[in-house]
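Below is one structure, written out as structure tokens; comments come after it.
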Amino acid sequence: MKALVLSGGSGTRLRPLSHSLPKQLLPIAGRPILEHALDGIRRLGITDIGIIVGTPGSEIEDAIGSGARFGARITYVVQDEPAGLAHAVRVARPFLGDDDFVMYLGDNVLAGGLDEIAGDFARWRPAAQLAAYRVPDPWNFGVVELDADHRVVRLCEKPAEPRSDLALIGVYFFTAAVHRAVDAIRPSARGELEITDAVQWMLDRGDPVRVREHTGYWRDAGKPEDVLECNRQLLGELPSRIVGTVDAASRLGSRVVVEPGARVLRCSVEGPAIIGAGSVVEDSWIGPYTAIGRDCTVRDSRVTDSILLDHVTVVGVHGLHGSLVGRRAQVAGAAQHRLLVGDDTSIEVAA
Ligand code: G1P
């Protein structure tokens, strides 16, 4: 059994952060989204993992490496055009061979429940084992329609008029039967070879296709609010761990992680929160659901429900909330707003 992790895609809904960093490397609860995916795959006992990247020698390869850190062997497969998920399977054929595999979308965050989906695939070994989750906005996803006996009737990618609220989540188990399907289908209206269409093709041929409703947590971390939501979820699962320095004048709540080399001075830190390695946080109030990256400086500030990437400076800002702050960014308090703002940025200031 192999795994194929998709990590291409341009991440347009996460601009401007995704201009300079692949969205799969955005940190959630202190670790890149992609590492959470790799953890899930390793927990299934899979060690042979292919990662689809958009360009050779990408930042993803630098960040994730050979896989040794995860006890896995990683093969990078280049998909040089964003031509769809089924196209990625085509491109990965030399890596996949005729083995069974799980395809995992690298921007999907799951907690729990993966064992159940894998268990169904192992038990029944259908040509495709999918997973679905009830959502309020099914038109943004692949949608699955089931009959009264929970058999798959039809699949449709981003339907204008969804026939159910069951969205396909980004974890698909396949046998080698999928390769005929991805070779047979034509591009969709958005010009992509859709994996949803490939599975529909299998269904039309009478191949066994199963769907399980996912019971654990799931989000497609495609938009800033989803990234923050995933951060809240995964931070909430972290046990406290204090390795860095916390002075006697500071007060820490529960579920607080202070990484090696970090210093917390005269602060109040409510959990769940992470202070990343090498960061200095002084005279500040760090509120719940805040993940501060590595080598950041936070001084005389109040930060809640936010993610600061590495090397960020925040000084004299008393209400930073629901924010995603990119690498090396500087945020300073002032009596008036003075902004140097890049393209595609979204900023809200206190009125
Ligand atoms: C893709 C799939 C869609 C699935 C979704 C899950 O959508 O095409 O069927 O529901 O991932 O995250 P995309 O992220 O390419 O819009």
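We count residues from 1, following the sequence as given. Just so it is clear, the model here is predicted, and its values are computed rather than measured. Atoms within a ligand are numbered from 1 in the order they appear, just like the ligands themselves.
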Exercise for review: Start with the C-alpha gap between Ile41 and Tyr104, add the side-chain angles, then the distance that decides, and say whether side-chain contact (heavy atoms from CB on, under 4.5 Å) holds.
Suggested key: CA-CA 9 Å; Ile41 289 166; Tyr104 198 118; 3.9 Å; yes
**Study point:** Side chain, backbone, both or neither: Glu192 near ligand 1, heavy atoms under 4.0 Å
**Key:** neither
Revision key, fill the gap. Ranked by distance from atom 10 (O) of ligand 1, the top protein heavy atom is Leu168 O, 2.6 Å
Review point. Nearest protein heavy atom to atom 7 (O) of ligand 1, by residue and atom, and its distance?
Key: Lys158 NZ, 3.3 Å
Review point. Should we say atom CZ of Arg338 is surrounded by more than 12 heavy atoms from elsewhere, each under 6.0 Å from it?
Key: no
Review point. Near Thr196, which atoms of ligand 1 are under 4.0 Å from a heavy atom of that residue?
Key: 9 (O)
**Study point:** Pair Arg186 + Asp197, salt bridge at N-O below 4.0 Å
**Key:** no
Revision key, fill the gap. for atom 15 (O) of ligand 1, nearest protein heavy atom and its distance come out as Arg190 NH2, 3.6 Å
**Study point:** Test of proximity, Asp220 against ligand 1: N or O pairs below 3.5 Å
**Key:** yes
Practice item. Quick one: look up the protein heavy atom nearest atom 8 (O) of ligand 1 and list residue, atom name and how far away it is. Key: Glu157 OE2, 2.8 Å
Review point. Counting heavy atoms only, which part of Leu105 comes closer than 4.0 Å to ligand 1: side chain, backbone, both or neither?
Key: side chain
Practice item. Give a yes/no verdict on a cation-pi contact between Lys158 and Phe141, requiring under 6.0 Å between NZ or CZ and the six-membered ring centre and an angle within 45° of the axis. Key: no
Check your understanding: Does Leu85 reach ligand 1 with a nitrogen or oxygen that is under 3.5 Å from one of the ligand's nitrogen or oxygen atoms?
Key -> no
Practice item. Go through Asp100 and Lys2 one step at a time and tell me if the side-chain contact (heavy atoms from CB on, under 4.5 Å) criterion holds. Key: CA-CA 6 Å; Asp100 291 353; Lys2 289 176 177 162; over 6 Å; no
Check your understanding: Picking from Leu166, Val144, Leu155, what satisfies side-chain contact (heavy atoms from CB on, under 4.5 Å) with Leu130?
Key -> Leu155
Exercise for review: For ligand 1, indicate whether the residue Asn108 contacts it via side chain, backbone, both or neither (heavy-atom separation under 4.0 Å).
Suggested key: side chain
Practice item. Give a yes-or-no answer on whether the side chains of Tyr217 and Glu229 include a donor-acceptor pair shorter than 3.5 Å. Key: yes
